[in-house]
Amino acid sequence: MSKNYILGVFNDEATLVDAFEKVKEKGIQPVEVYTPYPVHEILEGMPTRTRITHAAFFYGLLAASGILSFLTYAAVIDWPLQYGGKPFNAFPSFIVVTIVATILSITLLTLFTFSARAQIFPGKKPQIFHERATDDKFVMVIDKESMGDKSKDIESIILEFGEIE
């Protein structure tokens, strides 16, 4: 691990949130916060917001329209079969296939989007800041260079609520 970061290690959610708010009041934005479970105060306080839900929505729209178009083309235009009184455009029979295939498409495309965005790929060496970061500890990573002359204040805030590593 590079020595350009200060790690604040906390034992519980309340102390992490208190330290996070005080650090933000000083004008310093933590680089990342690692928690064993989602902490909504931290998610709302971080500057970057995820847009993966928007991507998943558009993947769903594209998948559903593409699948319905393909089914309509295959069953009505390219290879219409007339048997047993079935109409050429049996739209209700397409619904279940469309729903299942759309869910599969959204899942796979969102997985690939997340993996590409997070730069996760097979063989990549993980950057682990603290060995128990997501087990039972709460870890706040702060860049030393962004602190400037406020480093003593930030260190005292972290030591008030947790420990520095």
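All values derive from a computational prediction rather than experimental measurement. Worth knowing before you read on, the calculation uses all heavy atoms, side chains too, and leaves out hydrogens, waters and symmetry mates.
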Notebook entry, point to check: Can you list every side chain to side chain donor-acceptor pair (under 3.5 Å) pair that touches residues 23-35, not counting sequence neighbours?
Noted result: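 Those involving residues 23-35 do not exist here.
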Notebook entry, point to check: Taking only residues at least two apart or on different chains, which pairs with a member in residues 64-77 satisfy side chain to side chain donor-acceptor pair (under 3.5 Å)?
Noted result: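 As it turns out, there is no side chain to side chain donor-acceptor pair (under 3.5 Å) pair with a partner in residues 64-77 once direct neighbours are skipped.
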Determine whether [X] and [Y] make a side-chain contact, defined as any pair of heavy atoms from C-beta on separated by less than 4.5 Å.
X	Y	value
Met140	Leu7	no
Ile52	Phe114	yes
Asp18	Ile157	no

Can you list everything that forms a side-chain contact (heavy atoms from CB on, under 4.5 Å) with [X]? Sequence neighbours excluded, please.
X	value
Ala56	Ile106, Thr110
Leu104	Leu108
Glu41	Glu13, Val17, Val39

Notebook entry, point to check: Which residue pairs satisfy the ring pair (Phe, Tyr, Trp, His ring centres under 6.0 Å) criterion with at least one member in residues 39-64, sequence neighbours excluded?
Noted result: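 Qualifying pairs, neighbours excluded: none.
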Next item on the list: Step by step, work out the side chain to side chain donor-acceptor pair (under 3.5 Å) result for Thr15 and Asp12.
Entry: CA-CA 6 Å; Thr15 56; Asp12 59 10; 2.5 Å; yes
Margin query: Once salt bridge (charged side-chain N to carboxylate O under 4.0 Å, His left out) is applied, what residue pairs with a partner in residues 103-127 remain, sequence neighbours excluded?
Written below: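 The answer is none; no pair qualifies.
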Check: What salt bridge (charged side-chain N to carboxylate O under 4.0 Å, His left out) pairs are there with at least one residue in residues 154-164, not counting sequence neighbours?
Finding: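 The answer is Lys22-Glu160.
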Check: Heavy-atom count around Arg51 CZ within 6.0 Å, excluding the residue itself: above 12?
Finding: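 Open.
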Margin query: Just to verify, what does Phe121 make a ring pair (Phe, Tyr, Trp, His ring centres under 6.0 Å) with, not counting sequence neighbours?
Written below: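 Here no residue qualifies.
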Checklist line | All salt bridge (Lys or Arg N to Asp or Glu O under 4.0 Å) counterparts of Asp78, not counting sequence neighbours | finding: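 Salt bridge (Lys or Arg N to Asp or Glu O under 4.0 Å) list for Asp78, sorted by chain: empty.
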Next item on the list: Grab the two heavy atoms, one from Ala64 and one from Thr98, that are nearest each other, plus how far apart they are.
Entry: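 Residues Ala64 and Thr98, closest heavy atoms: O-CG2, 4.0 Å.
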Next item on the list: Specify the closest pair of heavy atoms between Ser105 and Ile67, including all atoms of both residues, with the distance to one decimal.
Entry: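 Answer, listing the atom of Ser105 first, then Ile67: OG-CD1, 4.4 Å.
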Check: How is the hydrophobic cluster of Leu43 composed, in terms of its other members, when Ile, Leu, Val, Met, Phe, Trp and Tyr link through side-chain heavy atoms under 4.5 Å apart, directly or indirectly?
Finding: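 Members alongside Leu43: none; it stands by itself.
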Next item on the list: Find out if a path of hydrophobic residues (ILVMFWY) with successive side-chain heavy-atom gaps under 4.5 Å connects Val96 to Phe70.
Entry: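 Val96 does not cluster with Phe70.
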Notebook entry, point to check: For Asp153, what residues pass the side-chain hydrogen bond (donor to acceptor under 3.5 Å, both in side chains) criterion, not counting sequence neighbours?
Noted result: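 side-chain hydrogen bond (donor to acceptor under 3.5 Å, both in side chains) check on Asp153 returns nothing, list empty.
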